[in-house]
Amino acid sequence: MNEKSAFNPNELEEKLYVEPKGVLDQLNLPAGVVKFIRKNKRILQITGILMVIVVVTGSLYNSYRIKRAEDSASSLSISMEATGANKVKALQQVVTDYSGTASALWASTELGHMAMKDGDYKKAGGYYAEVREQISQSNPMFGLLTFGIAQAEEADKNYTSASASYSSLKEIDGYKDEGFMGMARVFEAQGEQQKALAVYEEYMGSFLGEEKNERLTRMIQEKITRLRVEK
């Protein structure tokens, strides 16, 4: 008899067989999405690998940056404890080894302060200007460095540059007094009494609407009176 048995093992196996589903099918994704992924499988794999590389590289760089900042801060602290030529050498090493870090900027600034004390005003101004070029105007150090540059130029009798630096200092929050007083002082040093008088008068006028410092106001008024007499 050719009649098929209901208990035929081969037939039973065929009935029970279910085609295995892939991971994409098990995720219940829309058919269009599954088709797209399968069609672009190679590109998506490469993209995934690149993303992993970017994440890992970013993490490693961040760890390196943090360690470098910590090492530079430690080196700066040790350098500041040195004295004389050893201190200069140590600070210069911080600038060289950790260029671009906050510690390197502070090391250069300290070298500028030391040059000012030694009377090397050009070198001091150079250090201050170099650091200022690496920071934004919103950085709290910007005004301090501009003031340092102006003082170095004034001490070096480079009055034209000093006057320009003090003039820019007037526009920086917290340095208005230093800007006006520095400009007037430079003009007086040059014998430009009329210009100095104009600066003092402008300075006095800037007090309108502000709480006045009586001692400072009296001092400026005395300078204005003196310069008017000398005209």
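What you see is a predicted model; the values in this text were computed from it and never measured.
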Would you mind reporting whether [Y] and [X] have side-chain heavy atoms less than 4.5 Å apart?
X	Y	result
Arg215	Met219	no
Gln221	Thr225	yes
Met114	Leu91	yes
Phe187	Ser163	yes
Tyr175	Thr146	no

Minimum heavy-atom distance [X]-[Y], with the two atoms named:
X	Y	value
Ala184	Ala196	O-CB, 3.7 Å
Lys176	Ser206	NZ-OG, 3.4 Å
Ala104	Val95	O-CG2, 3.7 Å
Ser165	Ile149	OG-CG2, 3.9 Å
Ala124	Gly112	CB-O, 3.4 Å
Glu154	Tyr159	O-CE2, 4.0 Å

Charged N to carboxylate O under 4.0 angstrom, [X] versus [Y]?
X	Y	answer
Arg228	Glu201	yes
Glu110	Lys87	yes
Lys170	Glu202	yes

Exercise for the section: Could you tell me whether a side-chain N or O of Asp156 sits under 3.5 Å from a main-chain N or O of Asn158, the two making a donor and an acceptor? Expected result: no
Exercise for the section: Please assess Glu188 against Arg226 for the test salt bridge (Lys or Arg N to Asp or Glu O under 4.0 Å), listing each intermediate value before the final yes or no. Expected result: CA-CA 12 Å; Glu188 286 196 74; Arg226 173 177 57 78; 2.9 Å; yes
Problem - ring pair (Phe, Tyr, Trp, His ring centres under 6.0 Å) partners of Tyr203, counting only residues at least two apart - result: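 Checked Tyr203 against ring pair (Phe, Tyr, Trp, His ring centres under 6.0 Å); matches are Phe180, Phe207.
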Got a list of side-chain donor-acceptor pairs under 3.5 Å for residues 72-82, not counting sequence neighbours?
{"unit_1": "Ser72", "atom_1": "OG", "unit_2": "Arg68", "atom_2": "O", "d": "3.2"}
{"unit_1": "Ser72", "atom_1": "OG", "unit_2": "Ala69", "atom_2": "O", "d": "2.8"}
{"unit_1": "Ser72", "atom_1": "OG", "unit_2": "Ser103", "atom_2": "OG", "d": "3.2"}
{"unit_1": "Ser75", "atom_1": "OG", "unit_2": "Asp71", "atom_2": "O", "d": "3.1"}
{"unit_1": "Ser79", "atom_1": "OG", "unit_2": "Ser75", "atom_2": "O", "d": "2.8"}
{"unit_1": "Ser79", "atom_1": "OG", "unit_2": "Ala90", "atom_2": "O", "d": "3.4"}

Enter the distance from [X]:[atom1] to [Y]:[atom2] here, rounded to the nearest 0.5 Å.
X	Y	atom1	atom2	value
Asn86	Lys89	CG	NZ	7.5 Å
Ile220	Leu216	CD1	CG	4.0 Å
Ser168	Phe142	OG	CZ	7.0 Å
Leu145	Gln134	CG	CD	10.0 Å
Arg132	Gln137	CZ	CD	8.5 Å
Thr101	Trp106	OG1	CH2	12.5 Å

Problem - Candidate list Lys123, His113, Gln151, Glu133, test side chain to side chain donor-acceptor pair (under 3.5 Å), partner Tyr128, passing option - result: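 Among Lys123, His113, Gln151, Glu133, the one meeting side chain to side chain donor-acceptor pair (under 3.5 Å) with Tyr128 is His113.
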Exercise for the section: Compute both the distance and the angle, then confirm whether Arg185 meets the cation-pi test with Tyr166: under 6.0 Å from the six-membered ring centre, within 45 degrees of the axis. Expected result: yes
Exercise for the section: List the steps, then state whether side chain to side chain contact (heavy atoms under 4.5 Å, CB included) holds for Val186 with Gln190. Expected result: CA-CA 6 Å; Val186 166; Gln190 292 177 284; 3.6 Å; yes
Exercise for the section: Considering only Ile, Leu, Val, Met, Phe, Trp and Tyr, and joining two whenever side-chain heavy atoms are under 4.5 Å apart, list the other residues clustered with Val94. Expected result: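 Its cluster mates, by chain and number, are Tyr98.
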